[in-house]
Protein chains: 2
Amino acid sequence: MEDFSSEGRRTRQALRAAQLYYVQDQTMDTIARELSVSRSSVSRLLTHARDSGIVEINVSAPDDHVGDTEKRLGDRYGVRAHVVPTPDTLTDVERLERVAMNAARLVSEFVDSHMNVGVAWGSTMSVVSRHLVSRPTRHSVIVQMNGAGNTQSTGIEYSSDILQRFGQAFGARVQQFPVPAFFDDPATRDALWRERSIRRLLELQTRLDIAVFGVGSPFSEVPSHVYIGGYLGQADYRSLKEDKVVGDVATVFFRADGSSDNITLNTRSSGPRLATLRRVPRRMCIASGAQKFAGVRGALEGRLVTDLVVDEALARKLAEAR
Amino acid sequence: MEDFSSEGRRTRQALRAAQLYYVQDQTMDTIARELSVSRSSVSRLLTHARDSGIVEINVSAPDDHVGDTEKRLGDRYGVRAHVVPTPDTLTDVERLERVAMNAARLVSEFVDSHMNVGVAWGSTMSVVSRHLVSRPTRHSVIVQMNGAGNTQSTGIEYSSDILQRFGQAFGARVQQFPVPAFFDDPATRDALWRERSIRRLLELQTRLDIAVFGVGSPFSEVPSHVYIGGYLGQADYRSLKEDKVVGDVATVFFRADGSSDNITLNTRSSGPRLATLRRVPRRMCIASGAQKFAGVRGALEGRLVTDLVVDEALARKLAEAR
DNA sequence: CCTCCCGTTGCACGTTTGTGCAGTCGCATT
DNA sequence: AATGCGACTGCACAAACGTGCAACGGGAGG
């Protein structure tokens with residue numbers, strides 16, 4: 001059955017315009033005449049073509065030009081590093097924005113049909129989700145990695161919005177994880193974890209093909225919003241400090257050497273155990289800003305990461321560390 | 001050893017500019033300030049980045065929008081068809097130009113390291129070679145498929161120029177085939193074919209990963225330049241007619257049903273037997289203009305082609321044929 | 001040291017492209 | 001039929017971009 005709806009027509013036009021523009025190097029003016037629409041419409045068609053994934057633009061270094069820092073990070077931590085060019089003069093917000101754009105592209109590049117994609121939430125992930133370039137896939141699933149909180153701080157939406165945008169971009173089913181980020185009583189969690197509906201999701205988490213996450217840095221000057229969102233109390237902070245925590249991934253905490261055993265708070269967290277996380281074939285960590293240094297380094301030491309996306313300054317710091 | 005030569009520097013800058021422009025959506029002006037060069041230089045850097053393969057732009061149909069004609073050609077002849085959008089009002093030259101641009105992109109997409117790429121020559125291939133987007137590969141070889149003539153008709157260069165451009169684009173070694181397109185005496189060919197140096201090349205031809213070629217159409221109104229370049233005489237023409245030839249690939253002739261047995265002229269041709277050609281895993285045929293209809297159809301019937309690149313009008317004709 | 005040559009740069013200009021706005025069309029609701 | 005709504009179009013203007021040209025600079029040869 002053919003699709004003659006206006007949406008199908010639009011896509012066909014966009015496709016044709018894109019071919020003429022990107023492959024045959026026509027100007028929009030020429031294309032406009034060829035499709036008998038106005039030049040402006042062609043401009044809009046091309047925009048549509050770009051962010052609906054009809055055209056796909058890749059920038060890749062010829063092998064002999066992979067950045068020095070990237071190589072060093074690769075050698076030192078065994079990760080594929082993606083260093084985002086960022087002049088040091090940018091504000092934190094701009095820097096994050098740029099890192100997120102790069103990361104979003106990478107995600108769209110990696111995700112494919114029939115994949116289970118684990119997605120965490122947080123301010124970084126929020127920005128990333130807003131820059132995803134759409135790429136229609138089939139039978140892929142977006143899986144929420146840890147329980148959500150409803151945060152309304154500036155620029156952060158409900159975690160479900162983040163997931164929704166991922167779902168949108170890949171035409172994927174979204175699998176929510178309807179539990180709180182932290183439980184008060186570990187026993188409650190354990191009970192809930194025995195529920196059939198929850199078990200199904202936990203099981204899904206063990207079969208992820210990709211996990212995408214940022215890192216929290218609880219003891220940096222600018223704490224991740226997990227720490228200001230009212231999730232944790234004074235006592236919890238003290239507990240983290242005692243356990244020598246340097247960061248978290250999906251609300252699961254770890255130390256500078258990447259270890260997470262016997263960290264009190266983890267017994268109450270809704271996130272996946274690090275051992276589980278490490279079994280995911282591709283684990284993409286996105287971080288921007290020097291204040292994430294300790295957290296990211298811990299995540300790297302703990303082998304939680306296979307693909308690292310960071311800004312230049314942070315990359316340098318990581319490469320030089322130790 | 002680091003490469004600090006000006007060429008290496010240029011590439012690094014181009015890479016960075018490309019990332020900023022295509023991934024981070026910066027304007028050239030911004031990028032110029034960031035690299036402290038003029039905006040014009042950024043424009044030039046981006047041009048360089050595009051046609052040196054640092055950025056790679058793909059236009060692909062979402063599966064549910066593959067053209068109708070493409071599907072029909074696929075069903076009918078068992079080829080992957082690439083129909084190039086071309087309004088019917090174009091001149092033959094413009095049409096060819098557009099088809100060639102598309103084809104060139106496809107070639108660059110298919111060719112990879114360690115591949116042997118067979119290349120024919122002719123007016124179509126000449127235009128194609130001029131639009132190749134560079135893609136650095138290693139250990140790949142460009143192999144000339146049939147003996148060359150030195151033609152100076154408009155727009156056609158020596159076949160070696162075509163090969164040279166292929167070599168350039170892929171950083172590949174170029175393997176010339178220093179024999180005439182047609183021999184006067186089959187025996188001369190057979191003798192030459194026993195030469196060690198020639199045998200090495202013939203053997204290479206049997207191990208091609210891709211073959212790229214146009215088709216000749218000897219009996220259309222506008223004959224392929226093979227037929228006007230002085231390669232063939234009156235008697236030869238008669239012989240072709242008697243043998244019911246409709247076209248050629250790499251100066252090897254075939255009939256409407258794709259057969260090539262007992263075609264007199266083939267015993268004197270320097271091109272590969274069709275059986276040999278058919279063993280190449282990917283065989284890309286590029287043709288533009290309705291006058292190629294008979295030739296292309298023969299090539300398709302003879303299963304000489306796995307990937308077909310044609311303009312819209314020709315595609316329609318082929319799809320409707322039979 | 002000078003000179004010439006070749007490759008690179010920025011400027012200035014014309015061209016090409018993005019976008020706010022107001023007008024139009026189709027469609028569903030009253 | 002009238003009304004309202006939303007999606008889409010073309011216009012007009014501003015922003016962004018490509019390129020011929022002249023000036024610059026650094027290296028080889030005299």
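What you see below is based on every heavy atom in this structure, not just the backbone, and it leaves out hydrogens, waters and symmetry mates. Per chain, numbering begins at 1; letters A, B, ... match sequence-line order.
- A salt bridge links B:Asp88 with B:Arg316: the closest approach of a Lys/Arg side-chain nitrogen to an acidic carboxylate oxygen falls below 4.0 angstrom.
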Practice problem: In sequence, state the C-alpha distance, the side-chain angles, and the governing distance for A:Val128 and A:Ile286, and then conclude on side chain to side chain contact (heavy atoms under 4.5 Å, CB included). | Solution: CA-CA 9 Å; A:Val128 171; A:Ile286 302 156; 3.9 Å; yes
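- Under 4.0 Å is where a charged nitrogen must lie from a carboxylate oxygen, and between A:Arg39 and A:Asp29 no such pair does.
- Side-chain atoms of A:Gln19 and A:Gln24, non-hydrogen and from C-beta on, never get closer than 4.5 Å to each other.
- In this structure, the CD atom of A:Gln13 is 12 Å from the C1' atom of D:dT9, given to the nearest Å.
- Look at B:Asp68 and B:Arg72 and you find a salt bridge, because one of the NZ, NE, NH1 or NH2 atoms lies within 4.0 Å of a carboxylate O, short of that distance.
- Taking 4.0 Å as the cut-off between side-chain N and carboxylate O, B:Glu312 and B:Arg95 do not count as a salt-bridged pair.
- Residues B:Gln176 and B:Gln164 have side chains in contact (heavy-atom distance under 4.5 Å, counting atoms from C-beta outward).
- Each end of the helix from C:dC1-D:dG30 to C:dT30-D:dA1 gets its own axis from five base pairs, and the two axes differ in direction by 20°, given to 10 degrees.
- Within residues 18-29 of chain A, the residues that place at least one heavy atom under 4.0 Å from DNA chain C are, in residue-number order, A:Tyr21, A:Thr27, A:Met28.
- With respect to the salt-bridge test (charged N to carboxylate O, under 4.0 angstrom), the residues B:Glu34 and A:Arg98 qualify.
- DNA chain D is contacted by B:Arg39, B:Ser40, B:Ser43, B:Arg44 of residues 35-47 of chain B, taking any non-hydrogen atom closer than 4.0 Å.
- In this entry the distance linking NE2 of B:His48 with P of C:dG7 reads 15 Å, nearest Å.
- Residues A:Gln144 and A:Phe177 share a closest heavy-atom pair of OE1-N, 2.9 Å.
- Side-chain contact between A:Phe166 and A:Val111 is absent, with no heavy atoms from C-beta onward closer than 4.5 Å.
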